[in-house]
**Q** 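Next up is a structure, given as structure tokens.
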Amino acid sequence: MKKDAVEEKDYSLYQLLDLGDVIGVEGYLFRTRTGELSVHVERLTFLSKNLMGMPEKYHGLEDVEIRYRQRYLDLIANPEVQKAFETRAKVVASFRRQFQERGYIEVETPMMQPLYGGAAARPFVTHHNTLDIALYMRIAPELYLKRLIAGGMERVFEINRNFRNEGISTRHNPEFTMLEFYQAYADYRDMMDLTCELLKQVALDATGGTVVEYGDLQLDFGQVRRFKMREAVCEFWKGPERPTMEEARDPRWLLRHSEKTTAGEALVDIFERHCEDALVQPTIIYEYPVEVSPLAKQNADDPAMTDRFEVYAAGMEIGNAFTELNDPDEQRRRFEMQLTMREKGDEEAHQMDEDYLRALCYGMPPTGGEGIGIDRVTMLLTNSKSIRDVILFPLLRPEGEIGIAQWLREASEK
RNA sequence: GGGCCGGUAGCUCAGUGGUAGAGCAUCUGACUUUUAAUCAGGUGGUCGCGGGUUCGAUCCCCGCCCGGCUCACCA
């Protein structure tokens, strides 16, 4: 901006500008002595006024509370924030494109459900006035997507929000984005292979490579390890007396090493305590106990286990998949088992969903299904320590009276 | 919910039982040079909120609010 290159009124306007004002300029492009691209201004147009003090340019805005509450200010002050959300958009676009290429149909199923299910979680409850009924914000789309499989939509996927009424942490936001996909005539082995392909391609599309920096770790999405849950317990056992596979299979051994009351729950408990934080590189853990898998098909050789797996990376669960249980009578028994757990005080146990049973009674083909947490995958691919860094408006406690309306009123009266 | 840490100017941060500080931003003047940072001067604070101790509290004590990390819970 040079005084002799612009009209007098433009220059006096320029002198009234504050940091953060939005202006339009006309002129020619040039490079400054330091090589920065700039505009030699010949005409100046005022577009919008910034009334607030701006964060300091050098440090940016570091107060995390303000960054999350006033994301608009975070975006203005910290350019890398916009970058993270661009990467998030690439993650979603990559998944979507990969499913479309594989012949999956994208669908949208109810977020407000009269019965909730498909996961172990407490729901948010709301109310519909005209019907005068309670509705639950969904904790998962699973049971609706499988109704579609029963109806002959052989490959479906949905990318949408789930809502779980539970604690908030660096890895949990009460609403989060879940990708779920189901493929008829596939099983959990097929889903494992598909998962490896999907993750590798998403890493490529979002970051340009399959090896990703995460904190001081390097995660390689080009290869995913696979362990049975019992193998993982033997492999990653902390401390002396590493168990043998024989012991890991023995219900008495399992119950001796856990407070839980069933062998299956004990195995999961031991796994979580000994293995979870060791699963830094992308890893598939498979064969989950039937007690914790009410919607998964039992293993043909070992009825205590199900054909189910989870994907871990950086010690964090990012996906959950199984061969879907498609026997309506066995599903009835599983629901009844869940009802018993509910009566014993498990608030997260499944409800009986009779319409889902009815759908299975029409014959659901053998199906592989999976859910992948979009937020968590995005954390890994944007090197974010907290899920709040990949959710534009994470849930925070309301801050109370801001006083800006009063401030504006007083300003306009002057 | 437990533990630890934090909340001081618009932003980034110092600080002390005795009138509250710096840098940047903002304002005034000079400069027309450039990519956080030209010079000089000025404005700016219920020190998160409420009690208590004290002659006196931003500081010490208690309670509360908001946030962060972490454990628990939870996928």
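Each chain gets a letter, A, B and so on, in the order the sequences are listed, and its residues count up from 1.
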**Q** Of all residues at least two apart in sequence or in a different chain, which pass the ring pair (Phe, Tyr, Trp, His ring centres under 6.0 Å) check with His274(A)?
**A**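 Applying ring pair (Phe, Tyr, Trp, His ring centres under 6.0 Å) to His274(A) gives Trp237(A).
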**Q** Under the rule for side-chain hydrogen bond (donor to acceptor under 3.5 Å, both in side chains), what residues qualify as partners of Tyr286(A), not counting sequence neighbours?
**A**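 With sequence neighbours excluded, Tyr286(A) shows a side-chain hydrogen bond (donor to acceptor under 3.5 Å, both in side chains) to no residue whatsoever.
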**Q** Which value, in whole Å, describes the distance between the C1' atoms of nucleotides A25(B) and G6(B)?
**A**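 Comparing C1' positions in A25(B) and G6(B) gives a spacing of 24 Å.
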**Q** If you measure from the P atom in G45(B) to the same atom in U53(B), how many Å do you get, rounded?
**A**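 Their P atoms lie roughly 30 Å apart.
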**Q** Roughly how many Å apart are C4(B) and U28(B), using the P atom of each and rounding to a whole number?
**A**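 Their P atoms lie roughly 50 Å apart.
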**Q** State, with a plain yes or no, whether a side-chain heavy atom of Gln98(A) is found less than 4.5 Å away from one of Tyr104(A).
**A**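 A side-chain contact under 4.5 Å is absent here.
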**Q** Between Arg397(A) and C65(B), is there a contact of a side-chain N or O with OP1 or OP2 at under 4.0 Å?
**A**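 So the side chain of Arg397(A) is outside the cut-off, no N or O lying under 4.0 Å from OP1 or OP2 of C65(B).
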**Q** Please name all residues satisfying ring pair (Phe, Tyr, Trp, His ring centres under 6.0 Å) with Tyr28(A), sequence neighbours left out, ordered by chain then number.
**A**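 If we apply the ring pair (Phe, Tyr, Trp, His ring centres under 6.0 Å) test to Tyr28(A), skipping adjacent residues, the hits are His40(A).
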**Q** With heavy-atom distances below 4.5 Å as the criterion, would you say the side chains of Thr378(A) and Ser384(A) are in contact?
**A**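 Counting from C-beta outward, Thr378(A) and Ser384(A) never come under 4.5 Å.
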**Q** Looking at Arg67(A), does any N or O in its side chain come under 4.0 Å of the phosphate oxygens OP1/OP2 on C11(B)?
**A**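 So the side chain of Arg67(A) is outside the cut-off, no N or O lying under 4.0 Å from OP1 or OP2 of C11(B).
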**Q** Report which part of the nucleic acid Arg308(A) touches: base, sugar-phosphate, or nothing (heavy-atom distance under 4.0 Å, all strands).
**A**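 Base contact.
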**Q** Find the distance Glu65(A):CD to C11(B):P and express it as a whole number of Å.
**A**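 Whole-Å distance recorded here is 11 Å.
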**Q** Output every pair passing salt bridge (Lys or Arg N to Asp or Glu O under 4.0 Å) with a member in residues 63-73 of chain A, not counting sequence neighbours, ordered by first then second residue.
**A**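 Those involving residues 63-73 of chain A are Glu65(A)-Arg69(A), Arg67(A)-Asp74(A), Arg67(A)-Asp389(A), Arg71(A)-Asp74(A).
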**Q** Quantified in whole Å, what is the C1' atom distance between nucleotide U58(B) and nucleotide U19(B)?
**A**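 The same atom, C1', in both gives a distance of 13 Å.
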**Q** Indicate, with a heavy-atom threshold strictly under 4.0 Å, whether Ala121(A) touches base, sugar-phosphate, or nothing.
**A**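 Ala121(A): backbone/sugar contact only, no base atoms under 4.0 Å.
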**Q** Determine the contact category for Glu272(A): base if any of its heavy atoms lies under 4.0 Å from a base atom, sugar-phosphate if only primed atoms, P, OP1 or OP2 are that close, otherwise nothing.
**A**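 Answer is base: heavy atoms of Glu272(A) come under 4.0 Å of a base.
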**Q** Distance between the C1' atoms of G17(B) and C61(B), in whole angstroms?
**A**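 About 13 Å, rounded to a whole number of Å.
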**Q** Any N or O donor-acceptor pair under 3.5 Å from the base of C74(B) to the side chain of His172(A)?
**A**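 Present.
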**Q** Using a 4.0 Å heavy-atom cut-off, does Arg69(A) contact any base of the nucleic acid, only the sugar-phosphate backbone, or nothing at all?
**A**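 Counting heavy atoms under 4.0 Å across all strands, the contact made by Arg69(A) is with sugar-phosphate only.
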**Q** Please report the distance, rounded to the nearest Å, between NZ in Lys385(A) and P in C69(B).
**A**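 Lys385(A) atom NZ is separated from C69(B) atom P by 7 Å.
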**Q** Of the candidate nucleotides C69(B), U12(B), G67(B), which contains the atom at the shortest distance from the side chain of His59(A)?
**A**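 Between C69(B), U12(B), G67(B), the one nearest the side chain of His59(A) would be U12(B).
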**Q** Between atom CZ in Arg122(A) and atom C1' in C74(B), what is the gap in whole Å?
**A**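 Atom CZ in Arg122(A) sits about 9 Å away from atom C1' in C74(B).
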**Q** Write out the stems for RNA chain B, ordered by first number and formatted as range with range, counting runs of at least 3 consecutive Watson-Crick or G-U wobble pairs under 3.5 Å.
**A**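 Expected stems, ordered by start: B:1-7 with B:65-71, B:10-13 with B:21-24, B:26-30 with B:38-42, B:48-52 with B:60-64.
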**Q** Grab the CE-P distance between Met52(A) and G10(B) for me, whole Å please.
**A**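 My rounded result for the distance is 10 Å.
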**Q** When rounded to the nearest Å, what value does the distance between P atoms of G67(B) and U54(B) take?
**A**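 Looking at atom P only, G67(B) and U54(B) are 35 Å apart.
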**Q** Using the ring pair (Phe, Tyr, Trp, His ring centres under 6.0 Å) criterion, which residues pair with Phe335(A)? Sequence neighbours excluded.
**A**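 Counting only residues at least two positions away or on another chain, Phe335(A) forms no ring pair (Phe, Tyr, Trp, His ring centres under 6.0 Å).
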**Q** Select from Phe271(A) and Leu395(A) the residue whose nearest nucleotide in RNA chain B is closer to the 5' end of that strand.
**A**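 Looking at the nearest nucleotide for each, Leu395(A) comes out on the 5' side.
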**Q** Which whole number of Å gives the distance between the P atom of G21(B) and that of U16(B)?
**A**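 Looking at atom P only, G21(B) and U16(B) are 14 Å apart.
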**Q** Take atom CD of Glu276(A) and atom C1' of C71(B), then tell me their distance rounded to the nearest Å.
**A**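 Between C1' of C71(B) and CD of Glu276(A): 14 Å.
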**Q** Got Lys200(A) and Thr210(A) here, is their nearest side-chain heavy-atom distance under 4.5 Å?
**A**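 The answer is yes, as the side chains (C-beta and beyond) meet within the 4.5 Å cut-off.
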**Q** Should Asp205(A) and Arg97(A) count as side-chain neighbours, where that means a heavy-atom distance under 4.5 Å?
**A**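 Yes, side chains in contact.
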**Q** In chain order, what residues pass the side-chain hydrogen bond (donor to acceptor under 3.5 Å, both in side chains) check against Gln351(A), with sequence neighbours excluded?
**A**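 For Gln351(A), no residue satisfies side-chain hydrogen bond (donor to acceptor under 3.5 Å, both in side chains) once neighbours in sequence are set aside.
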**Q** Nearest nucleotide by nearest heavy atom, which residue falls closer to the 5' end of RNA chain B, Ala119(A) or Pro398(A)?
**A**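 Per heavy-atom nearest nucleotide, the more 5' residue is Pro398(A).
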**Q** Which donor-acceptor pairs under 3.5 Å do side chains of residues 111-118 of chain A form with protein atoms, sequence neighbours excluded?
**A**
unit_1    : atom_1 : unit_2    : atom_2 : d
Gln113(A) : NE2    : Pro110(A) : O      : 3.0
Tyr116(A) : OH     : Arg342(A) : NH2    : 3.1

**Q** Walk me through it: do Glu62(A) and His59(A) pass the test side chain to side chain donor-acceptor pair (under 3.5 Å)?
**A** CA-CA 7 Å; Glu62(A) 299 196 347; His59(A) 291 93; 5.7 Å; no
**Q** Could you tell me whether Gly60(A) contacts a base, only the sugar-phosphate backbone, or nothing, with contacts defined as non-hydrogen atoms closer than 4.0 Å?
**A**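 Sugar-phosphate only.
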**Q** What integer distance in Å separates Ile66(A):CD1 from G6(B):P?
**A**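 To the nearest whole Å, that distance equals 18 Å.
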**Q** Could you name each residue pair satisfying salt bridge (Lys or Arg N to Asp or Glu O under 4.0 Å) that touches residues 264-274 of chain A, not counting sequence neighbours?
**A**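 Those involving residues 264-274 of chain A are Asp269(A)-Arg273(A).
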**Q** Atom CG of Asn78(A) to atom P of A36(B): distance rounded to whole Å?
**A**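 Spelled out: CG on Asn78(A) to P on A36(B) is 15 Å.
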**Q** Run the ring pair (Phe, Tyr, Trp, His ring centres under 6.0 Å) test against Phe181(A) and tell me which residues pass, sequence neighbours left out.
**A**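 With sequence neighbours excluded, Phe181(A) shows a ring pair (Phe, Tyr, Trp, His ring centres under 6.0 Å) to Phe99(A), given in chain and number order.
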**Q** Choose from G68(B), C74(B), U12(B) the nucleotide whose nearest atom is closest to any side-chain atom of Glu62(A).
**A**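 The nucleotide sitting nearest to the side chain is U12(B).
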**Q** I'd like a table of atom pairs between the protein and nucleotides 25-27 of chain B - only N or O on both sides, under 3.5 Å - with the distance next to each one.
**A**
unit_1 : atom_1 : unit_2   : atom_2 : d
C27(B) : OP1    : Asp18(A) : OD1    : 2.7

**Q** What parts of residues 156-169 of chain A reach RNA chain B, counting only heavy atoms under 4.0 Å away?
**A**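 Correct list: Arg164(A), Glu166(A).
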**Q** Using the C1' atom in both, what is the distance from C65(B) to G51(B), to the nearest Å?
**A**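 Rounded to whole Å, the distance is 14 Å.
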**Q** How close or far is atom P of G67(B) from atom CG of Asn173(A), stated in whole angstroms?
**A**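 These atoms are roughly 13 Å apart.
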